[in-house]
Amino acid sequence: MTLLLDAQGLQKRFGAVVAASDVNIAVQAGERVSLIGSNGAGKTTFVNMVTGYLKPDEGRITLAGQDITPLAPRAITHLGVARSFQIPQLYGALSALDNMLVANACHDRRLSFWQPARRPEAIARAELLLQRFGLIDHRDRRVSELPGGVRKLLDIAMALTGRPKLLLLDEPTSGVSAEEKFPMMATIMDALGQEADTTVLFVEHDMDIVERHASRVIAFYAGRVIADDTPAVALAADDVRRYVTGELLAE
Amino acid sequence: MLKIEGIHVAIQSVVALRGLSLTVADGTMVGLIGRNGAGKTTTLRTVMGHLAPSQGRIHFAGQDLATLPKHARAELGIGYMPEDRGLVPELTVEENILVPVWVNKALKVDQRLALVYRVLPELMEMKDRRALLLSGGQQKLVALARALAVGTRLLLLDEPFEGVAPALSKRLGEVIAGLKGTEISVLIAQSDLNHSRKLVDAEFTIERGANVAPGVAAH
Amino acid sequence: QETFKVGIVSFLSGQAAESFGIPAVNGAKVLLDAFNKGAAPAPYNKVGFGGMKLEFVYVDEAGGATKQVQELKTLYDREKVDAVLGYVSSGDCLAVAPAAEEMKKFLILYDCGTPRIFEDNKFQYVFRTASHGAMDNVALARYLKAKNIKADSFNMINQDYAWGQDSKKDFAGSMSKLFPNAKPGEDQLPKFGAGQYGTEISALMSKPADVTHSSLWGGDLQAFILQAGPRGLFKRTQVLLSAGDHVLPGLGDKMPDGVILGARGAYGHMSPKSALNDWWWDLYSKAYNVYPVQAPYRMVQGLLGLKLAAEKAMAANGGKKPTPEQLAAAMRNSEWDSPAGKIRMALGGGHQAIQDTAIGRTKYDAAKKMVMIEDIVRFPAECVNPPANMDAEDWIKAGFPGAKNCP
Amino acid sequence: MAATLSSTAPVSSGQRADTVGHGRTILLGVGFCAALCVAGLFAPKWLTFLVTMAAANGLVSLGIVGLMRGGVVPFGQGMMLALGGYAAALSFNHLGITDVLLLTFGGGTVAALVAAPFAPLLSRYRGIFFAMLTLALSMVLYGLLMKLTILGGSDGFNVGRPTLLGQKLPDSHSGYIMFAVAVVLATVMALLARIYFDSTRGLVTLAVRENELRVEYLGGSVRQAMTINFILAAFCGGMGGALAVLALGHIEPNFSFWTTSGEFVFVAILAGWQSVAAVFVASTVLEVVRSFSSAYFPNTWQLVLGLFLLFVIRFLPGGIGSLWMKGQTK
Amino acid sequence: MAELVTILIDGLTYASWLFIVALGLTLVFGVLKILNIAHGSFYALGAYGAATMVAWFASMQFAPWLSLVAMLLAAVAIAAIVAPLTERGLLRFFYGRDEVLLVLTTNALFLIMEDLTKLIWGANPYFVSEPYALFGNVDIGVQSYVGYDFMLVGLAVTVGLAVWWGLNRTRQGKIVLAVIHSPEVAASMGVNVSRVYMVAFSIGIFLAALGGAFTAPMISVQPGVSVGVIILSFAVVIIGGLGSIEGAAIGALIVGMARSVAVHTAPVAELFAIYLVMAVVLMFRPEGLFQRIQARKI
Ligand SMILES: Nc1ncnc2c1ncn2[C@@H]1O[C@H](COP(=O)(O)OP(=O)(O)OP(=O)(O)O)[C@@H](O)[C@H]1O
Ligand SMILES: Nc1ncnc2c1ncn2[C@@H]1O[C@H](COP(=O)(O)OP(=O)(O)OP(=O)(O)O)[C@@H](O)[C@H]1O
Ligand SMILES: CC(C)C[C@H](N)C(=O)O
Ligand SMILES: [Mg+2]
Ligand SMILES: [Mg+2]
């Protein structure tokens with residue numbers, strides 16, 4: 001096992017709010033880590049810091065030994081980190097296919113002034129991913145008109161085009177209907193399985209999904225990590241049961 | 001209380017609802033269940049007057065809503081919690097809750113606040129924080145509180161549990177359940193049944209903008 | 001029956017419309033009527049142009065020089081006008097003159113002031129039927145001399161475009177010849193159409209001077225007077241306005257007394273007594289209930305010149321409608337009487353007019369409710385215009401050679 | 001005038017007509033251009049001149065459309081017009097370069113070179129702030145041009161008749177030749193623009209307009225895209241300026257005044273961002289409307305123009321191009 | 001020293017009327033998201049309205065100081081009649097459209113109003129200079145100022161404070177914020193959004209007209225007065241940050257001072273001093289000095 005992501009002593013405050021307080025997280029290549037926590041615990045903030053959208057007030061983040069703390073999202077993306085978003089970030093006026101083509105185009109770092117974006121091989125590649133995510137029926141629809149769940153999937157599919165080493169998913173299943181959640185998560189994990197050893201961190205509120213798909217659980221509360229263990233152990237911890245799953249009454 | 005009869009709604013050129021009907025009886029809790037894109041949000045937005053049905057009618061407490069301007073619904077005692085929360089980032093939590101109370105002459109600020117804080121005491125400690133600082137889940141809570149503040153007769157809740165951590169979603173469930181037996185009726189739009197199964201008296205399933213199996217809920 | 005079509009270009013909108021464009025166009029309208037009825041006094045009493053009915057097309061000059069070049073081409077090519085007479089703004093004149101020349105079409109500039117047009121270029125088809133701005137500034141300086149007004153120091157405020165720049169240059173040049181000891185002070189160049197002059201007025205007042213020169217015109221001049229009056233500028237310095245007459249009817253008692261001003265010719269209250277002038281004055285004031293100021297005067301003098309040139313050309317070609325070349329030949333070096341006196345196409349190879357002018361002082365007449373002009377001094381054309389083949393600037397620098405019998 | 005009716009194929013569901021062949025586009029463009037050149041032989045002079053100016057102005061608006069595809073609209077593109085125009089006019093008068101093609105490309109190049117150092121700075125701006133910063137820059141240039149007497153000062157100066165490939169333009173046909181040159185250049189630029197808009201880079205530009213954050217998160221550089229578009233727009237604007245000056249024979253600081261820029265923006269919006277041909281159609285339409293209304297309603301032409309603008313904005317929100325490009329936006 | 005005082009006073013008086021006008025512009029943008037080019041036309045309307053009103057008051061032999069009331073009434077009348085007409089009759093059909101498209105819409109409105117004003121009031125200038133003398137003169141060193149100018153400074157401060165207080169310290173203001181953020185949600189909460197729009201637009205237009213009415217005594221009211229004002233007030237609100245009241249105040253001061261310094265020390269630079277300042281401010285603060293809070297995106 002090799003250490004892929006290493007966050008040490010992350011601190012982040014927004015005014016009076018502590019969004020990260022001495023967060024230490026190390027992730028080995030190939031792990032499937034679920035981030036859980038109450039609302040406002042700092043999960044998204046953690047993802048934002050890893051991907052360079054926010055700079056930690058203190059602390060250091062390394063990716064495969066390289067310090068990525070000062071880098072911007074684009075640079076970090078080029079190092080093989082991709083993410084999806086709690087609120088899907090798509091190109092609303094473009095079709096689903098075009099969204100995928102943009103993802104493709106951006107991934108090739110040398111953009112061309114004359115090579116058509118809609119050339120057959122690029123379309124084929126985009127369609128392959130759409131197919132894999134069951135989105136092919138929506139290929140030509142303007143994405144601002146797509147239902148929420150479909151947008152979520154498209155958001156994730158775009159994150160995957162670059163064949164990332166590390167994939168961060170922010171609540172991939174929230175807002176997705178109950179029947180579709182599990183198949184969808186299965187789809188994502190399948191799609192990942194076909195890309196070699198992608199490491200995944202996913203933020204999740206549904207404990208069934210956490211139990212089924214995570215090899216490890218990190219629980220947040222008020223900016224702190226309150227548990228970091230296998231799902232079985234972490235979900236049984238008192239703090240987690242009190243603050244996250246609500247199985248114990250908060251004091 | 002609320003009666004929707006065969007409404008057809010198109011958003012731009014996309015037909016989102018095709019002949020949907022549904023009733024919320026006085027004092028009951030009704031679920032509107034459907035997959036993503038089935039038309040739940042569209043239904044609620046149509047009730048709130050943001051979309052105009054091309055066919056069909058919507059009655060509330062015997063009144064045809066089609067003739068009313070958008071803002072008159074709140075006055076009738078309908079509280080709406082939009083899917084994307086829709087808080088005003090510059091305002092504090094308490095001010096956000098109060099916006100509908102201020103514009104409604106029939107409501108008293110003190111009373112409504114007291115009610116909201118009684119039902120959702122965790123809001124007390126964040127009442128002076130600006131809404132922009134809240135996390136997604138916290139914002140849901142505030143949006144629910146705001147709907148409660150004005151919704152004296154009917155609450156329209158759009159995916160109240162989406163993106164909410166289990167602990168909080170339990171709380172939300174309790175709060176909503178606590179409304180049972182009061183004069184307030186509730187319509188909850190949901191794609192995920194897990195949270196609301198136990199809550200609702202009746203359930204309407206919607207698929208591609210039309211009813212599937214209107215029926216009475218199983219308890 | 002053939003018609004002779006003239007494009008009339010002047011400001012119909014914007015800040016120059018009220019005091020220039022519209023009075024000028026109004027002047028054209030009454031004259032058109034009089035010409036077509038054959039009602040003008042001799043030698044202008046033929047119907048239309050030598051029997052041809054006259055027709056005018058009006059175009060708005062607002063919108064910048066580039067637009068004017070485009071519009072000019074349209075007038076000739078699409079509207080098929082036989083001549084264009086227009087342009088108040090020097091900027092527009094500088095732009096359109098070469099365009100007309102390039103198209104070999106007949107063009108009369110009736111109002112604009114910059115001397116550069118015929119000094120920097122040789123034209124075949126372009127004429128200006130009124131004196132250029134050097135006259136107005138030389139006349140102001142000469143007036144100071146004639147009236148023995150103290151002018152040991154002078155400030156200036158002029159608009160920032162050809163007219164303002166050339167005016168200030170010519171005035172400063174004339175001062176250095178006629179008042180070698182006068183010290184120049186503030187030299188403000190607000191932009192055209194600025195409207196608010198509070199700051200500029202402060203700057204002028206910070207450097208007190210005996211006289212203050214300005215070539216402002218139109219709405220700018222009115223605003224300047226309204227703002228400077230209450231601040232007492234007119235009491236602290238003798239203000240000289242090179243083209244100020246046109247604001248008098250509008251301002252009425254808001255115009256301070258004792259301001260020295262010109263009209264860019266012997267126009268309005270400074271026009272000479274003559275039968276032609278009386279006829280014109282009546283014609284205009286009956287139609288519009290106000291007396292004609294400089295813009296309509298310049299319009300009428302341009303149209304009268306054009307009429308004579310057209311008729312002369314027709315006499316030479318056997319009564320056909322003259323070509324631009326024939327018109328130009330007839331106009332070149334010609335002379336005619338206008339309500340403001342004799343117009344002579346003496347400069348720029350016979351393409352640029354000179355004329356007499358006058359300068360006076362304002363005095364509000366409460367009984368007539370009208371600003372009158374007193375202490376008028378008349379200047380023969382030669383005193384205030386350079387001789388043929390000499391640029392205005394050089395002529396001033398050389399100390400006005402050839403100027404004789406000057407008051 | 002130019003270019004393609006549709007190469008970005010409609011995104012109608014299920015259809016697969018969306019791979020691009022440049023061939024058809026180019027053919028269409030060349031055909032159209034040739035037809036127009038022939039038509040010009042029979043058109044009255046005022047019309048060929050009007051189209052010449054429309055083509056020159058259209059080039060400026062084409063640059064704006066390129067920027068609009070990335071979500072920003074410059075309100076100072078008159079600056080590029082002025083840069084190109086002054087470059088051409090000064091080279092003509094002082095360097096003795098008289099070839100219309102050389103001057104036009106020179107104008108474009110100068111504008112692009114001047115724009116280049118500003119481009120990275122401007123790439124940080126969005127929305128109304130981009131619009132206003134470009135406006136401010138163009139107004140600073142306006143101020144400079146007004147004051148620099150060596151550049152003609154406030155009234156500008158005149159330019160003689162250009163040559164073409166070493167040939168003097170004959171009196172009788174100079175207007176037509178300028179027209180043909182303008183039409184050919186506009187066609188070439190329109191075709192190049194079409195190819196660029198359809199390229200991967202072009203698509204990323206569209207993505208930038210929709211969601212910058214996501215572009216960065218996919219590894220694309222928003223600022224690079226904006227920078228390049230700005231420089232390209234400057235090049236187009238400079239070419240337009242040079243052409244306009246040569247056709248008009250006159251240049252003045254007003255080229256850089258904000259109201260001038262406003263007209264180019266109007267044309268760009270009138271055209272919409274989907275079709276390049278629409279830019280030139282829109283430019284011609286505006287010229288026609290303006291020219292006729294100022295001739296026939298000298299006292300109320302602004303009213304007529306205003307009503308026309310309102311009508312277009314209200315009933316053709318996607319621009320003229322949306323009449324035949326039923327594309328990306330449904 | 002005397003020069004410095006002069007520069008400051010000139011800058012301040014120039015800033016005052018500009019602020020009143022720009023405040024209206026920033027308000028309309030803040031609430032309706034419309035950068036209103038026709039704002040200058042409403043300024044002109046205010047000036048024309050004042051010309052008509054003051055003349056009428058004078059013909060009724062009212063006391064001279066009542067001409068101030070006349071000017072105020074003119075502004076109120078325009079806000080009460082023309083503004084709702086424009087908003088209901090035209091602008092509301094364009095709500096929610098792209099910012100730039102709206103700029104063009106108002107540009108069209110501007111063109112139309114230019115000619116309409118001319119059709120109504122003709123091309124002749126109107127002079128309303130009586131009120132200008134009401135406050136006498138104030139002599140400072142070599143300078144003599146008109147008291148009216150200082151009155152304008154007072155008016156600007158009053159108006160600015162009133163609007164700031166109304167937006168930030170009252171419920172109405174907070175309701176307006178809700179509308180700004182999301183008209184749809186606000187309507188769902190019972191806010192009468194179209195009324196808020198209409199009122200906000202009318203207040204904005206009132207300010208433009210007020211600016212016009214109170215500058216009328218200093219200028220000759222005639223076609224063309226609208227153009228210069230537009231771009232200046234744009235500069236002000238851009239420097240200050242769109243939608244910000246504090247920003248409009250600082251922006252107006254900056255523009256006023258920049259102009260004043262240029263005119264007094266380097267008249268050549270007057271033409272572009274303002275734009276230079278604007279460019280420099282934007283370079284350091286890309287969204288102006290006071291930026292609006294953005295909602296969290298991710
Ligand atoms: N850009 C920001 N500005 C101000 N406060 C912020 C910002 N981002 C996050 N916060 C605050 O930091 C805290 C952590 O937020 P974060 O979004 O990371 O929570 P989360 O765990 O993702 O919650 P949720 O499950 O609701 O999405 C919250 O209290 C939030 O209000
Ligand atoms: N702005 C829009 N433009 C066009 N079509 C839209 C728009 N918004 C929604 N639709 C369409 O209307 C249909 C119903 O959408 P709606 O948002 O009501 O679904 P929903 O049941 O609330 O889904 P979700 O669970 O994802 O929130 C969908 O097919 C969607 O594509
Ligand atoms: C006083 C004015 C008649 C001057 C003229 N408008 C010009 O620009 O030359
Ligand atoms: Mg989160
Ligand atoms: Mg929904």
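Note that the coordinates shown come from a computational prediction; the quantities given were computed from them, not determined experimentally. Chain identifiers are assigned alphabetically (A, B, ...) following the order of the sequence lines, protein sequences preceding nucleic acid strands; residue numbering begins at 1 within each chain.
- Atoms CG and CG, from E:L119 and D:L303 in turn, are 7.0 Å apart once rounded to the nearest 0.5 Å.
- Across all their heavy atoms, E:A108 and D:L309 have their closest contact at CB-CB, 3.6 Å.
- Taken from CE in D:M132 to CD1 in E:I231, the straight-line distance is 6.0 Å, to the nearest 0.5 Å.
- Atom CE of E:M283 is separated from atom CZ of D:F118 by 6.5 Å, given to the nearest 0.5 angstrom.
- Of all the listed residues (E:I238, E:V281, E:V277, E:V227), the one sharing the greatest number of non-hydrogen pairs under 4.5 Å with chain D is E:I238.
- Contacts between D:R126 and chain E at a heavy-atom distance below 4.5 Å are absent for every atom of the residue.
- Heavy atoms closer than 4.5 Å to chain D are found in both the backbone and the side chain of E:L104.
- No more than 12 heavy atoms of other residues, nucleotides or ligands shown are found within 6.0 angstrom of CZ on D:F311.
- D:F266 touches chain E through backbone and side chain together, each having a heavy atom under 4.5 Å away.
- Interface remark: D:L121 contributes side-chain atoms only to the contact with chain E (heavy atom separation under 4.5 Å).
- For D:V304, no part sits under 4.5 Å from any heavy atom of chain E, backbone or side chain.
- Residue D:F308 does not touch chain E at all, counting heavy-atom pairs closer than 4.5 Å.
- Under the 4.5 Å side-chain criterion, counting only non-hydrogen atoms from C-beta, E:P286 is in contact with D:Y125.
- In this structure, the separation between CZ on E:F234 and CD1 on D:I128 is 7.0 Å, given to the nearest 0.5 Å.
- At distances below 3.5 Å, not a single donor-acceptor pair connects side-chain atoms of E:Y275 with backbone N or O atoms of D:L133.
- With values rounded to the nearest 0.5 angstrom, D:I313 atom CD1 is found 8.0 Å from E:N107 atom CG.
- Of the two parts of D:V73, only the side chain, counted from C-beta on, holds a non-hydrogen atom closer than 4.5 Å to a non-hydrogen atom of chain E.
- Shown here for D:L135 and E:M278, the closest heavy-atom pair between the two residues is CD2-CE, 4.4 Å.
- D:W301 and E:D115 make their closest contact through N-OD2, 3.5 Å (heavy atoms, listed as atom of the first residue, atom of the second, distance).
- For D:L144, the parts lying under 4.5 angstrom from a heavy atom of chain E are both the backbone and the side chain.
- Chain D forms the most heavy-atom pairs under 4.5 Å with one residue out of E:V103, E:I37, E:I274, and that residue is E:V103.
- The distance from the CG atom of D:L310 to the CZ atom of E:F94 is 5.5 Å, given to the nearest 0.5 Å.
- Using a 4.5 Å cut-off between heavy atoms, E:I230 contacts chain D through its side chain alone, with no backbone atom that close.
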